[in-house]
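A short worksheet on the structure shown next.
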Amino acid sequence: MAYTERFQQLADAARSRVSEVAPSEVDALMAAGAVALDIRDKEEHDAGHISGSMHVSRGTLEMNIEDAIPDTDKTILCYCNAYNRGALSADTLRTMGYVNAKFIAGGLKAYRALA
């Protein structure tokens with residue numbers, strides 16, 4: 001998908017402010033209590049997602065995250081298909097006080113490539 005220059009600049013800035021997690025680390029982090037957070041649209045989530053992940057779409061993230069994950073110390077691994085929306089979501093969560101919000105490098109595509 002081709003992105004506009006402004007959108008890509010925004011996403012790149014978000015990526016520079018938050019930590020990324022390698023796809024190979026996701027399962028171990030989840031086993032240790034991290035939440036994989038699928039921030040894609042419902043249709044994308046319904047078509048396939050990381051097993052055991054939680055879904056809160058990017059469009060409703062700020063409104064719904066506190067009910068879904070009240071613990072602001074919880075490790076949250078945001079993901080989309082690749083990078084941008086996951087990084088934007090992790091950056092938003094950090095702004096909201098979720099100190100351990102990160103994103104999965106390469107998103108669902110990279111995670112699936114491990115299988």
Side-chain angles (χ1 to χ4, degrees):
M1 170 180 258
Y3 300 115
T4 66
E5 184 176 334
R6 287 184 187 148
F7 170 77
Q8 195 60 60
Q9 288 173 348
L10 184 68
D12 290 345
R15 283 180 67 185
S16 74
R17 290 187 294 265
V18 294
S19 299
E20 64 180 35
V21 171
S24 60
E25 298 176 73
V26 171
D27 291 340
L29 288 168
M30 288 178 66
V35 173
L37 182 64
D38 185 347
I39 55 79
R40 300 172 305 147
D41 294 336
K42 182 182 182 325
E43 298 78 23
E44 293 173 289
H45 175 79
D46 289 349
H49 53 273
I50 294 173
S51 180
S53 66
M54 178 183 291
H55 177 252
V56 178
S57 71
R58 172 93 181 109
T60 63
L61 182 65
E62 295 85 353
M63 294 181 294
N64 295 323
I65 195 62
E66 292 176 275
D67 286 336
I69 305 174
D71 181 0
T72 57
D73 290 324
K74 177 69 94 178
T75 298
I76 302 171
L77 312 174
C78 299
Y79 74 93
C80 58
N81 287 323
Y83 283 97
N84 293 326
R85 293 179 289 168
L88 287 164
S89 297
D91 190 42
T92 296
L93 292 177
R94 297 278 308 226
T95 300
M96 292 179 71
Y98 287 86
V99 295
N100 294 308
K102 306 170 189 305
F103 70 98
I104 299 172
L108 183 59
K109 288 179 184 178
Y111 180 82
R112 283 184 172 160
L114 298 173

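All heavy atoms count here, side chains included; hydrogens, waters and symmetry mates do not. What you see is a predicted model; the values in this text were computed from it and never measured. Each residue takes its place number in the sequence, starting with 1.
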Using atom types as modelled, flag every donor-acceptor pair under 3.5 Å from a side chain in residues 64-71 to any protein atom, sequence neighbours excluded.
{"from": "N64", "atom 1": "ND2", "to": "T60", "atom 2": "O", "distance (Å)": "3.4"}
{"from": "N64", "atom 1": "ND2", "to": "T60", "atom 2": "OG1", "distance (Å)": "3.2"}
{"from": "D71", "atom 1": "OD1", "to": "D73", "atom 2": "N", "distance (Å)": "2.8"}

Identify each donor-acceptor pair in which a side-chain atom of residues 14-22 lies under 3.5 Å from a protein atom, sequence neighbours left out, and give them as a table.
{"from": "S16", "atom 1": "OG", "to": "A13", "atom 2": "O", "distance (Å)": "2.7"}
{"from": "R17", "atom 1": "NE", "to": "D91", "atom 2": "OD1", "distance (Å)": "3.1"}
{"from": "R17", "atom 1": "NE", "to": "D91", "atom 2": "OD2", "distance (Å)": "3.2"}
{"from": "R17", "atom 1": "NH2", "to": "D91", "atom 2": "OD2", "distance (Å)": "2.6"}

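Residues meeting the side-chain hydrogen bond (donor to acceptor under 3.5 Å, both in side chains) test with E43, sequence neighbours left out: none. For E25, there are no salt bridge (Lys or Arg N to Asp or Glu O under 4.0 Å) partners at least two apart in sequence or on another chain. The side-chain hydrogen bond (donor to acceptor under 3.5 Å, both in side chains) search around Y111 returns D27, not counting sequence neighbours. Residues satisfying the side-chain hydrogen bond (donor to acceptor under 3.5 Å, both in side chains) test with D46, not counting sequence neighbours, are K42. In this structure H45 satisfies the side-chain hydrogen bond (donor to acceptor under 3.5 Å, both in side chains) test together with D38, sequence neighbours excluded.
The hydrophobic cluster of V99 has no other members, since no ILVMFWY side-chain heavy atom comes under 4.5 Å of it.
Taking both residues in full, the closest heavy atoms of S89 and L61 are given as CB-CD2, 3.7 Å, listed atom of the first, atom of the second, then distance. Considering all non-hydrogen atoms of both residues, A90 and A101 come closest at O-CB, 3.7 Å. Across all their heavy atoms, A11 and A87 have their closest contact at O-CB, 4.4 Å. G86 approaches C80 most closely through the heavy-atom pair N-SG, 3.3 Å.
A 4.5 Å side-chain heavy-atom check between S57 and I39 finds every atom pair outside the cut-off. Between F103 and L88 there is no side-chain heavy-atom pair separated by less than 4.5 Å.
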Does the pair L77 and I50 meet the rule for a side-chain contact (heavy atoms from CB on, under 4.5 Å), with working shown? CA-CA 11 Å; L77 312 174; I50 294 173; over 6 Å; no
Passes side-chain contact (heavy atoms from CB on, under 4.5 Å), C78 versus I104? Steps please. CA-CA 6 Å; C78 299; I104 299 172; over 6 Å; no
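Judged as a ring-ring contact (aromatic ring centres under 6.0 Å, His included), not a single pair has a partner in residues 8-44 (not counting sequence neighbours). Within the structure, the salt bridge (charged side-chain N to carboxylate O under 4.0 Å, His left out) test picks out the following pairs touching residues 74-86 (sequence neighbours left out): E44-R85. Counting only residues at least two apart or in different chains, salt bridge (charged side-chain N to carboxylate O under 4.0 Å, His left out) contacts with residues 93-115 are absent. Pairs passing the ring-ring contact (aromatic ring centres under 6.0 Å, His included) check and including a residue from residues 78-99, sequence neighbours excluded, do not occur.
Shown are L37, N100, V56; of these, the side chain to side chain contact (heavy atoms under 4.5 Å, CB included) with I76 is made only by L37.
Tracing side-chain contacts under 4.5 Å through hydrophobic residues (I, L, V, M, F, W, Y), one reaches L108 starting from M30; they form part of the same cluster.
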